[in-house]
Amino acid sequence: MRDDRLRYAAALALLTALTLGLLLWNIGAGSVDITLGEIADSIWRMTGIIWTIRLPRVAAAAILGGALSVSGFLLQTFFANPIAGPFVLGISSGAKLTVSLVMVGFLSRGIVISSMSMVAGAFAGSMISMGFVLLMSRRVRSMSMLVVCGIMIGNICSAITDFVVTFADDSNIVNLHNWSLGSFSGTSWENVRLMAWLVGIALALTFLLSKPIGAYQMGEVYAQNMGVNIKRFRVELILLSSLLSATVTAFAGPISFVGIAVPHLVKGLFRTAKPIVIIPGCFLGGAAFCLFCDLVARTAFAPRDMSISSVTAVFGAPVVLYLMASRRGGRGGQS
Amino acid sequence: MSAACLQTRELCVGYNRKTLIGGIELNLRRGEIMTLIGPNGAGKSTILKSLIRQLPLTGGAVYLDGRDMAALGERDVARKLSVLMTAHLRPELMTCFDVAATGRYPYTGRLGILSKEDREKTERSLELVHAADLADRDFTQISDGQRQRVLLARALNQEPDVLVLDEPTSFLDIRHKLELLAILKDMVRARDLAVVMSLHELDLAQKISDWVVCVHGDTIARQGPTEEIFTSEYITELYGAARGSYNALFGSLELEAVSGAPEVFVIGGGGIGIPTYRRLQRQGTPFAAGVLGENDLDYPVAQALAVETVAERPFRPIGEEAFHRAVSVMERCGRVLCPVAEFGEMNEKNRLLRELAWKAGKLEE
């Protein structure tokens, strides 16, 4: 038992160090070479490239990456399915659809959209997709079928989004297109403040749910017998995971594979699935993963920015493939 | 006897608000094992799921220690009642200790961190089911029998008054079935637990239960002390076993007898004839058996499988009358088998039968 606690502490320390290291690296690296002194100076005076461009972007990558992987962990627990996540289940795409509707609708009337209404739109879209996935999950028992349904829902949403984009004004299309590919660029401090609040609250609430989440990992029957109010718990879990992934989509567009790959890697690192350590672990792991991917996106083909989703896919998809191959068929279908 | 700690009044259970089984009146006392038996699909699991609030009741009420369960909070129920259900459980990255420790859930704080006492109790629960050595093993990497024991440890760790088990012995081999039920019996005595479970092994149900409830059709067909329920006729009827029979004394099942005129006469006795009866039955050969005392080990099996059984009343040497009947039956058979090699005062006449058969050239070795 001692060993376990030591391992958890060491793993958390490692992830924290990794996140901090990547934060610094991200701030320092870029098309303009900047020394540490200049960084400190820029932060101190709250002006310059570092303060106005890089720092908010880095903060967004860390916060949203963490939110995404915690959301993935919640969905995996909820569906008892190791390859569930906001992207594969079509929840991100649902958010993408509603956000583009909001964008096109507002911008074409010349109304400036606040970040909050973007989040609200994304949340509505997430819940609609989630509703469909839940309907499906009642009918299909196997975990692979559920994922197929999610991908279908995602595709439908993407198709409608493309349709909406076709009818948008030219000036909006560029905006919309960039956003729908997924990117942390162009984040303002105002955005960071809002996302930090939203994610912070959702994360705190999630952490307080770690006890019933742990019970739920034993399946619904046992969780109920242990004293979990299943109906309330399911609603809480859905709301929290949707809020987390909606926040991400509103600010950075749909980002793939973080939600599946990171929780799996973190569980492997901790060698446990206990929510009380995995939730903070997932947040740190997701932050580090997205910081790394954003670094690659910015610097690999500098000065061109790649979309974040293509980078996360390159590093995340192999993990998912490995997961599917190592599971041999769909056995996790008990709900 | 103490008062009932789990009780139902006019309980109706079913799915989607439709009642499948109604009028269920159960009274489970501490220190007692109540077993639900009945054909597959009769609704044993439905009743158990309703008792543990996994299914909404379609009518009536369940009382836990005299209080209506519908009005009790989750935690109150969790501290008094725990379960071992059939759900196939594959939790990710959990050791057997972790699984057993989940039984402490109703006793831990907001974040569910185990106290020293919780850890000790978990270890003790694992010891009770002889699974202490499994503590650090991955739960998904152990055998079905071990898994059931760990889940039983989990259930005991919850320190319940009532334990609900749904077919706890399915998928286990015979050794693990006996082991699990023996542990259960010990626990009932040691902790004064009340157990309600479903079993489909009738022989085991008969041996472990204090009270048996027969679920059949849309009602509880019958319930009572084990001795009253387990009569051969009733069990055969309950299961609609038209193509075989159930022997209540041995708790054994026999296939139906081959019909037709007997072709073989078996001189048996003392249990020695049984393998022969079974072989002839398998081969589809109608046979007659004799002469057997009604208290002979061979007798119930011969009764179930032979076309005709010549019997003598218990505790008596074979008499003239039975002997002559046997001779006449033997004359109609083409072959005679005599697996019995020892003859004494009681079966002296069987030796004569054997000689007659040998002289007639019918005796086969």
Side-chain angles (χ1 to χ4, degrees), chain A residues 1-5 8 73 76-77 80-82 141 143 206-233 263-264 266-280 323 326-335, chain B residues 45 48-49 51-55 72-95 97-114 116 119-120 122-123 135-136 138-140 151 154-155 157-158 160 162-164 166:
Chain A
M1 296 305 125
R2 267 273 118 75
D3 305 351
D4 282 355
R5 286 191 192 171
Y8 302 156
F73 173 67
Q76 284 147 31
T77 308
N81 184 337
R141 279 268 168 257
M143 65 178 193
T206 307
F207 188 73
L208 287 176
L209 281 183
S210 40
K211 186 180 173 184
I213 293 171
Y216 205 79
Q217 285 171 334
M218 292 275 294
E220 211 168 279
V221 177
Y222 286 106
Q224 188 190 23
N225 180 238
M226 285 179 225
V228 179
N229 183 333
I230 294 291
K231 271 187 191 152
R232 201 179 72 194
F233 174 73
H264 179 69
V266 169
K267 278 183 251 176
L269 179 69
F270 283 78
R271 284 207 209 128
T272 183
K274 285 191 190 111
I276 195 157
V277 287
I278 293 300
I279 291 169
L323 256 183
S326 65
R327 288 273 160 169
R328 267 187 265 123
R331 223 174 346 178
Q334 55 112 4
S335 63
Chain B
S45 291
L48 293 180
K49 283 178 188 164
L51 289 180
I52 65 167
R53 305 207 291 192
Q54 201 190 324
L55 282 177
L72 290 175
E74 278 85 13
R75 187 181 265 232
D76 295 331
V77 174
R79 287 184 174 188
K80 287 194 169 157
L81 180 150
S82 69
V83 304
L84 201 173
M85 302 303 274
T86 46
H88 209 63
L89 200 58
R90 298 206 155 267
E92 202 183 357
L93 294 169
M94 281 178 98
T95 62
F97 181 91
D98 291 337
V99 170
T102 62
R104 300 306 301 164
Y105 188 99
Y107 303 95
T108 54
R110 188 79 180 83
L111 289 176
I113 295 165
L114 298 173
K116 194 161 169 267
R119 293 184 166 278
E120 282 166 6
T122 305
E123 275 161 22
D136 292 326
D138 188 315
F139 184 73
T140 56
L151 285 173
R154 190 209 75 81
N157 209 7
Q158 215 165 312
V162 182
L163 195 54
V164 179
D166 193 6

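Every chain is numbered from 1 and lettered A, B, ... according to where its sequence line falls, protein lines coming before strand lines.
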Please look at B:Ile113 and chain A and tell me whether the side chain, the backbone, both or neither of the residue comes under 4.5 angstrom of a heavy atom of that chain.
-> side chain
Using a distance-only test with no angle check, is there a side-chain donor-acceptor pair under 3.5 angstrom linking A:Asn229 and B:Arg75?
-> no
Below 4.5 Å, heavy atoms only, C-beta onward: do B:Arg79 and B:Gln158 meet side chain to side chain?
-> no
Side chain, backbone, both or neither: which part of B:Met94 has a heavy atom under 4.5 Å from chain A?
-> side chain
For A:Phe207, is it the side chain, the backbone, both, or neither that has a heavy atom closer than 4.5 Å to a heavy atom of chain B?
-> both
Answer with side chain, backbone, both or neither: which region of B:Val83 has an atom nearer than 4.5 Å to a non-hydrogen atom of chain A?
-> both
Okay, B:Leu84 and chain A: the region with an atom under 4.5 Å from a heavy atom over there is both
Side chain, backbone, both or neither: which part of A:Pro212 has a non-hydrogen atom closer than 4.5 Å to chain B?
-> both
What part of B:Thr95 gets closer than 4.5 Å to chain A, counting heavy atoms only: side chain, backbone, both or neither?
-> neither
Partner chain A: residue of B:Gly112, B:Gly103, B:Ala155 with the largest heavy-atom pair count (under 4.5 Å) | B:Gly112
What part of B:Arg104 gets closer than 4.5 Å to chain A, counting heavy atoms only: side chain, backbone, both or neither?
-> neither
Residue pair A:Pro82 / A:His264, side-chain heavy-atom distance below 4.5 Å = no
Are any of the side-chain nitrogens in B:Glu120 or B:Lys116 under 4.0 Å away from the carboxylate oxygens of its partner?
-> yes
Relative to chain A, which segment of B:Asp98 carries a heavy atom at a distance below 4.5 Å: side chain, backbone, both, or neither?
-> side chain
A:Asp4 bridged to A:Arg271 by N-O distance under 4.0 Å | no
With a 4.5 Å limit on heavy-atom distance, are the side chains of B:Glu92 and A:Lys267 in contact?
-> yes
Any donor-acceptor pair under 3.5 Å from A:Gln224 side chain to B:Arg53 backbone | yes
A:Leu208 versus chain B, heavy atoms under 4.5 Å apart: side chain, backbone, both or neither?
-> both
N/O donor-acceptor pair under 3.5 Å between A:Tyr222 side chain and B:Met85 backbone | yes
Side chain, backbone, both or neither: which part of B:Gln54 has a heavy atom under 4.5 Å from chain A?
-> both
Within a strict 4.5 Å, meaning less than it, do heavy atoms of the A:Met218 and B:Arg154 side chains meet?
-> yes
Of all of B:Leu111, B:Leu151, B:Asp76, B:Val99, which one pairs up most often with chain A through heavy atoms under 4.5 Å apart?
-> B:Leu111
The interface call for A:Thr272 against chain B, heavy-atom contacts under 4.5 Å, is both
